[in-house]
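Excluded from the calculations below are hydrogen atoms, water molecules and symmetry mates; all remaining heavy atoms, backbone and side chain alike, are included.
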Amino acid sequence: MIGYVVGLLLSVMVLAGCAGRDLSERPADGALKIGLVWPDGQSVAGARLWLYGSDGTLYSATECGAGGYEGRVPADTYTILAANSDCANADCHRSESWQEHRMKAAVDGETNTLLHVGKVFCVGTKEVAVRRGNRPAEITLCPKNAVRKLLFRITPDYVDDIADMSVRMTGIVPSVRLIDGGDAGETTGEILAVARSEAGGFYAADMSVFGWRGPNIVSVAVVHSDGGTETTVPQDIGEQLAQLPDEGGTVDLTLVLPDGGEIVLTVTVEAWESGSGSGTVI
C-alpha cells in the first residue's frame, strides 16, 4: 500500500513537471496565414505586405507570391496592407505609418506631368489578432483596382494638316491610400495623353489615373506638318465629371482653337473594375 502511494505521488510530480515545462516552453509568437484574391482573377507577379503592430509601428515589410503568405510573427493585433509588386509607373511612399502609406504616381521629369498608372491593386485591414501557439490566424484579402480610365474621342472640325495631337488635363489625383484605395489628398497634377488617328476621321487618346479632383481643365494641342502648334482655349469639365455616376458615363464638349477651328471632344469615364477590396478573417 505504501509503495502504491509513493508511486502515485511520483507520477503526479512527473505530470506536474511536464505541465510546467510545457507552459514555460509555449512559443511567444503565433502563426499567420494571409490569402490574396485579385480583382477578376487577374494574374500578378507577386505581392507586397506590410504588418503594423498594435502600437502603430511597422513590424515588417515583405514580398510574397501572388497567392499569399504564411509565417510566424509575435503575438499581437495587426493592421495589414497589401499591394501587387508589378504596379506600372507607381510606387509606395510613407510606409512608416499605415494611415499615411500610399501608392504614388511617378512624374515625367521632362514634361513635369504625372505618368499614366496601371495594374495597381491595394487593400488594407485592421484588428487581425495573432495569438501565441500553432493555430494560425487566417485572413483572406481582396485587393481592389485603384486605377480609373478616361477615354477621349476627338473629332477636329475645320482643322487641316494635323501631324500630331495631344490632350492635357489638370486636377489629376497623384496618390491613393493603401488602406482603402481612397484619394490621399495630395496636391493634384497634370497628365498628358498622345492621340492616335483612328479610322473614320477621328482621334483617340486614353488616360489611366488614380482619379481626379476639380478643377479639371482640358485642352488639346494640334501640331501641324511644318512644326507649328495650336492649342485650344482651356475648358473646365470638373463639374460635369463630378456629376457622373459611379458606373461611369460621358461628357461632351466643343473646344475652340484661336483661329476659329473647333474640336468636338467626348470624354468617356470607364467604371471602376470589380473588386471590393474587402477581406475576411477566420
Side-chain angles (χ1 to χ4, degrees), residues 22-87 90-104 117 119-148 173-186 210-211 246 272-282:
D22 289 344
L23 289 173
S24 66
E25 292 178 357
R26 283 183 61 193
D29 60 1
L32 175 63
K33 183 177 181 179
I34 302 172
L36 294 167
V37 179
W38 304 96
D40 297 332
Q42 292 198 36
S43 174
V44 300
R48 288 183 285 178
L49 297 171
W50 295 265
L51 275 65
Y52 298 83
S54 56
D55 61 356
T57 60
L58 178 63
Y59 166 69
S60 71
T62 186
E63 294 199 8
C64 64
Y69 163 89
E70 289 187 55
R72 299 192 68 86
V73 297
D76 198 359
T77 299
Y78 291 92
T79 295
I80 301 175
L81 305 182
N84 58 306
S85 59
D86 52 352
C87 301
D91 204 356
C92 290
H93 290 254
R94 301 190 183 180
S95 61
E96 296 81 10
S97 163
W98 66 262
Q99 295 96 332
E100 294 295 323
H101 201 165
R102 60 196 58 182
M103 188 71 70
K104 190 169 183 176
V117 293
K119 205 173 185 179
V120 180
F121 309 126
C122 56
V123 69
T125 191
K126 297 183 284 186
E127 303 296 328
V128 179
V130 178
R131 296 179 175 84
R132 295 174 62 178
N134 295 321
R135 183 177 180 180
E138 297 186 48
I139 178 172
T140 299
L141 297 178
C142 304
K144 76 173 185 178
N145 175 42
V147 177
R148 297 200 78 178
V173 170
S175 59
V176 289
R177 297 183 301 267
L178 260 68
I179 188 69
D180 58 8
D183 183 352
E186 293 191 77
F210 288 133
D246 290 341
W272 290 98
E273 293 181 18
S274 63
S276 65
S278 60
T280 56
V281 181
I282 302 175

Restricting to non-hydrogen atoms, name the atom on [X] and the atom on [Y] that form the minimum distance, rounded to 0.1 Å.
X	Y	result
C122	G181	SG-CA, 4.2 Å
S85	A47	OG-N, 3.9 Å
A45	D86	N-OD2, 3.0 Å
G68	L36	CA-CD1, 4.0 Å

What is the distance from atom [atom1] of [X] to atom [atom2] of [Y], rounded to the nearest 0.5 Å?
X	Y	atom1	atom2	answer
F121	L178	CZ	CG	13.0 Å
H93	E186	NE2	CD	8.0 Å
K119	N84	NZ	CG	7.0 Å
D180	T125	CG	OG1	11.5 Å

For a 4.5 angstrom cut-off between non-hydrogen side-chain atoms, does [X] reach [Y]?
X	Y	answer
F210	P174	no
C87	M103	yes
V123	K144	no

The criterion is side chain to side chain donor-acceptor pair (under 3.5 Å); which residues satisfy it with S97, sequence neighbours excluded?
Q99
Donor-acceptor contacts under 3.5 Å from residues 48-60 side chains, at least two apart:
{"residue": "R48", "atom": "NH1", "partner": "D91", "partner atom": "OD1", "Å": "3.1"}
{"residue": "Y52", "atom": "OH", "partner": "S95", "partner atom": "O", "Å": "2.4"}
{"residue": "Y52", "atom": "OH", "partner": "H101", "partner atom": "ND1", "Å": "2.9"}
{"residue": "S54", "atom": "OG", "partner": "D76", "partner atom": "OD1", "Å": "2.8"}
{"residue": "S54", "atom": "OG", "partner": "D76", "partner atom": "OD2", "Å": "3.4"}
{"residue": "D55", "atom": "OD1", "partner": "T57", "partner atom": "N", "Å": "3.1"}
{"residue": "D55", "atom": "OD1", "partner": "T57", "partner atom": "OG1", "Å": "2.8"}
{"residue": "D55", "atom": "OD2", "partner": "T57", "partner atom": "OG1", "Å": "3.3"}

What pairs with [X] under salt bridge (charged side-chain N to carboxylate O under 4.0 Å, His left out), at least two apart in sequence or on another chain?
X	result
E70	none
E63	none
R72	D29

Counterpart residues, side chain to side chain contact (heavy atoms under 4.5 Å, CB included), relative to V130 (two or more places apart)
L32, V73, Y78, A137
Is a side-chain donor or acceptor of R102 paired with a backbone partner of C92 at a separation under 3.5 angstrom?
no
